[in-house]
There are 2 protein chains.
Amino acid sequence: MLRTHFIQDVTPDLDGKEVVLAGWVHNVRDLGGKKFILLRDKSGIGQVVVDKTSPSFEVAKELSQESAIQIKGTVKADKRAPNGVEVSCSELRILSKAKAPLPLDVSDKVKADIEVRLKERLLDLRRQEMQAMIRIQSTAVRTFRETLYKHGFYEIFTPKIIATGTEGGAQLFPVIYFGKEAFLAQSPQLYKELLAGAVERVFEVAPAWRAEESDTPYHLAEFISMDVEMAFADYNDVMKIVEDVIANVLENVARNHQNDLAILNHRLPSITRPIKRVTYEEAIEILQSQGLPTKFGDDIGTPESRVLNKVLEQDLYFITDWPAEARPFYTKRREDNPKISESFDLVYRWLELVSGSSRNHTREVLERELRARGLNPINFEFFLKWFDYGIPPHAGFGMGLQRFMLMLTGLQSVKEVSLFPRDKKRLVP
Amino acid sequence: MLRTHFIQDVTPDLDGKEVVLAGWVHNVRDLGGKKFILLRDKSGIGQVVVDKTSPSFEVAKELSQESAIQIKGTVKADKRAPNGVEVSCSELRILSKAKAPLPLDVSDKVKADIEVRLKERLLDLRRQEMQAMIRIQSTAVRTFRETLYKHGFYEIFTPKIIATGTEGGAQLFPVIYFGKEAFLAQSPQLYKELLAGAVERVFEVAPAWRAEESDTPYHLAEFISMDVEMAFADYNDVMKIVEDVIANVLENVARNHQNDLAILNHRLPSITRPIKRVTYEEAIEILQSQGLPTKFGDDIGTPESRVLNKVLEQDLYFITDWPAEARPFYTKRREDNPKISESFDLVYRWLELVSGSSRNHTREVLERELRARGLNPINFEFFLKWFDYGIPPHAGFGMGLQRFMLMLTGLQSVKEVSLFPRDKKRLVP
């Protein structure tokens with residue numbers, strides 16, 4: 001390994017000790033015949049000083065921002081230095097020299113717009129904000145999984161090349177599969193339902209694809225879908241799992257990422273448990289009471305959600321019991337009122353984060369619901385077949401990682417929180 | 001929820017208590033005017049008795065294997081019963097009735113061949129062996145990630161729809177991406193290298209695709225790739241990470257899956273740390289000493305590995321320092337001998353599990369290595385561009401989850417350990 005210490009571990013306690021550090025030149029300045037290098041590694045930024053008398057001074061003159069370097073030096077506790085410590089350099093090695101000028105300023109003195117940032121993405125990902133985002137994302141996904149393991153769920157991997165679209169074939173990317181037409185999965189929906197019919201409790205974190213024509217801050221052609229399915233359970237059971245996931249992620253991010261949240265200048269939403277639930281019909285009444293013309297059957301979009309967020313005084317709220325016809329064919333209707341389904345969305349302010357429901361578990365009902373949506377049950381036989389063999393009642397939900405990350409970082413576009421986003425105009429880098 | 005207890009939690013301590021259970025009819029028998037139901041849920045199999053005098057007896061007559069049911073009853077400690085306990089049923093509800101006969105015997109009295117099993121996959125996945133496999137897989141992937149978190153790695157998600165093939169375009173599946181040709185990623189190789197150039201330590205667990213024409217027990221068209229990349233490090237550093245991953249997974253599987261290993265009748269391989277390392281040249285010498293005609297430059301295939309496994313007396317061994325020309329363009333040559341590369345494979349008996357190396361980190365060398373392989377650097381500009389901006393020395397490795405699962409389960413084909421395998425002839429279920 002090219003280092004003895006990470007920068008964050010170089011503390012005043014090491015005063016007088018020799019260390020080897022490696023990282024990138026965040027900045028370099030001349031001051032009174034010395035070179036002051038701000039050295040950045042994954043753990044943070046620290047100060048290195050190269051004296052004019054040092055044999056490394058000539059090398060230091062060659063340094064450019066974002067070059068990868070290795071330095072050997074002696075730790076000096078110094079209250080004036082950042083972190084109360086600096087390293088006096090005795091050896092300096094350039095591992096990989098960066099060209100100047102850089103197409104993007106990593107130290108953030110010059111702000112670039114999103115198009116430039118995505119084009120120069122690797123440099124953009126070295127910015128402190130993006131590093132904070134990546135660290136928070138890693139914790140979020142890890143906590144999602146740990147919460148599910150605790151509830152006895154198994155991790156699954158469902159096929160991504162499929163013969164038929166989940167909900168009828170819109171917005172699918174075709175794949176040429178050994179000379180035949182196939183598609184990229186829009187969602188693991190049908191496969192996760194089948195697997196709940198074999199091992200009861202399953203989850204998956206995996207890519208999913210939608211050929212989105214529109215260019216919005218909330219849509220990607222390729223996104224990470226976090227999916228959960230649970231047998232012998234209904235939508236009330238899985239809403240409790242959703243609550244647990246959200247609460248645990250918020251707690252772990254708050255506990256472990258104070259510094260990252262400060263970099264992002266973001267305050268996490270507060271959560272009250274149980275999370276506020278309003279039925280769709282109650283939501284419509286609230287909207288009407290606020291003078292909106294929304295009526296039963298209408299969608300609840302961003303403008304409507306903004307009103308609900310305000311009236312409910314909640315950052316996070318469930319809207320439950322949606323009109324059955326507005327939901328996909330696998331959604332179960334309520335027994336006491338078949339116009340309504342056992343379904344829910346979790347909304348963060350005005351952004352839909354999670355969508356879930358109890359599912360139909362008999363072939364007869366599934367076939368009827370497919371036909372009612374103009375879909376041909378024959379195309380779904382690979383799925384329907386198994387409902388002849390004891391698929392129990394089940395429920396589940398899905399959430400998009402990138403939307404979730406908007407809540408956790410305060411960033412504004414799902415493209416920013418995707419490392420290398422894919423959209424209609426972007427296939428590289 | 002449709003149950004108060006999982007079957008494994010119904011112990012003699014609960015004698016006399018009322019419980020509600022839910023699961024599948026694993027088997028049902030008539031004995032002395034009583035119905036004995038073997039009820040299976042995700043936790044195990046337990047015995048339920050329905051007396052002729054019970055109002056549920058008529059319902060019990062309707063039961064078929066693999067129907068999903070819910071029962072209410074009283075726990076009776078009984079040394080003769082499996083687990084020392086049975087449940088005397090007072091209420092029986094059929095949640096989802098299974099047709100008879102089943103196309104596959106879930107209780108394993110009749111063995112089916114792999115083709116039938118993959119066709120009737122959902123029933124196959126209810127078999128005890130497959131349930132054990134799914135549980136072990138969940139632990140393996142979880143432990144892989146936890147090991148990497150401990151070493152300071154971040155989880156990443158790289159794009160799966162790409163413009164250019166990683167290693168030159170063979171075996172790629174074309175995707176129609178908004179009317180343009182694109183491809184499914186064979187590997188996250190180039191993207192993980194770039195990300196190591198931004199956040200130093202990254203890993204990913206995600207699908208990857210190869211249009212494999214051949215039908216072998218070791219190849220899939222879609223597989224799960226577990227990938228690691230580490231900046232400011234070389235192949236010796238990442239071999240230590242490999243060792244740690246393998247040792248931790250073996251330890252966790254041994255500790256938590258004794259019962260599953262018994263179901264699979266499998267003994268885990270032993271591991272000695274450090275794992276035995278032989279150089280490629282030493283391996284060739286061993287093979288020659290055993291009378292094989294292998295010479296420098298030849299591949300080490302299955303027959304050769306079988307010999308090495310025997311001579312080395314090791315279940316797990318590294319073969320290091322492969323001929324540079326046999327490895328991909330991003331592999332670094334040794335400075336002291338440019339015919340040899342800083343590379344390794346980890347072999348389990350005769351199966352390659354892991355492949356890794358130090359990587360080239362200068363544009364000049366990468367371009368030369370591309371050209372030497374008949375590849376045009378212009379097609380790799382999306383990757384090469386960043387080497388102008390301080391990509392440090394780095395190293396990494398990749399391992400296929402399904403091959404790893406063969407080692408952990410003793411199963412014989414990667415198709416068995418993939419939930420819904422994809423190969424040249426299989427696109428459903």
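Note that these values count all heavy atoms, side chains included, but never hydrogens, waters or copies made by symmetry.
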All heavy atoms of B:Glu181 vs all of B:Pro174, minimum pair found to be OE2-CB, 4.1 Å
Which bit of B:Lys97 is near chain A, if near means a heavy-atom gap under 4.5 Å: side chain, backbone, both or neither?
backbone
When the 4.5 angstrom heavy-atom criterion is applied to B:Thr158 and chain A, the contacting part is backbone
What residue, out of B:Asp234, B:Val428, B:Ile391, B:Leu123, has the most heavy-atom pairs lying under 4.5 Å from chain A?
B:Ile391
Can the ring centres of B:Phe178 and A:Phe173 be said to be less than 6.0 Å apart?
yes
Choice from A:Ala206, A:Gly23, A:Gly179 maximising heavy atom contacts with chain B below 4.5 Å:
A:Gly23
Which heavy-atom pair separates A:Arg422 from A:Arg426 by the least distance, and what is that distance?
CD-O, 3.5 Å
Between A:Tyr154 and A:Glu200, do the side chains contain a donor N or O and an acceptor N or O under 3.5 Å apart?
no
Scored by heavy-atom pairs under 4.5 Å with chain A, the best of B:Lys180, B:Lys42, B:Arg135 is B:Lys42
Tell me, side chain or backbone of A:Glu204 under 4.5 Å from chain B's heavy atoms, or both, or neither?
neither
Taking every heavy atom of A:Leu172 against every heavy atom of A:Leu184, the minimum-distance pair comes out as CD2-O, 3.5 Å
Okay, B:Ala140 and chain A: the region with an atom under 4.5 Å from a heavy atom over there is neither
One option among A:Leu195, A:Leu401, A:Val205 has the most heavy-atom pairs under 4.5 Å with chain B, and it is A:Leu195
Among the listed options B:Lys385, B:Lys424, B:Gln131, the residue most often paired with chain A at heavy-atom distances under 4.5 Å:
B:Lys424
Can you confirm whether the side chains of B:Arg210 and B:Gln171 place a donor and an acceptor under 3.5 Å from each other?
no
Residues passing the side-chain contact (heavy atoms from CB on, under 4.5 Å) test with B:Asn379, sequence neighbours excluded, are B:Thr164, B:Asn376
Nearest 0.5 Å please: distance from the CG atom of A:Asn360 over to the CG atom of A:Leu366.
5.0 Å
Using non-hydrogen atoms only, which part of B:Asp41 is less than 4.5 Å away from chain A: side chain, backbone, both, or neither?
both
Most heavy-atom pairs under 4.5 Å with chain B, out of A:Asn236, A:Asp124, A:Thr139, A:Leu194, belong to A:Leu194
If we define contacts as heavy-atom pairs under 4.5 Å, which of B:Ala395, B:Ala233, B:Ala211, B:Ala231 has the most with chain A?
B:Ala211
Heavy-atom cut-off 4.5 Å, strictly under: side chain, backbone, both or neither for B:Glu381 against chain A?
neither
Against chain A, label B:Ile224 side chain, backbone, both or neither, depending on which of its atoms sit under 4.5 Å from a heavy atom there.
side chain
What part of B:Pro159 lies closer than 4.5 angstrom to a heavy atom of chain A: side chain, backbone, both or neither?
both
Among the options A:Lys425, A:His361, A:Met230, pick out the one with the most heavy-atom pairs lying under 4.5 Å from chain B.
A:His361
Name the option with the most non-hydrogen atom pairs under 4.5 Å to chain B; the candidates are A:Ser67, A:Ser64, A:Pro103, A:Ser43.
A:Pro103
Examine the side chains of A:Thr143 and A:Asn252 and answer whether a donor and an acceptor come within less than 3.5 Å of each other.
yes
Heavy-atom contact with chain A under 4.5 Å, split by part of B:Glu120
both
Just so I understand: if I count every heavy-atom pair under 4.5 Å between each of B:Glu66, B:Arg201, B:Arg121, B:Arg127 and chain A, which residue has the most?
B:Arg201
Return the option, out of A:Phe382, A:Phe387, A:Trp24, with the maximum number of heavy-atom pairs under 4.5 Å with chain B.
A:Trp24
Measure the shortest side-chain to side-chain distance between B:Arg40 and B:Val106 over non-hydrogen atoms and say whether it is less than 4.5 angstrom.
yes
Answer with side chain, backbone, both or neither: which region of B:Phe383 has an atom nearer than 4.5 Å to a non-hydrogen atom of chain A?
neither
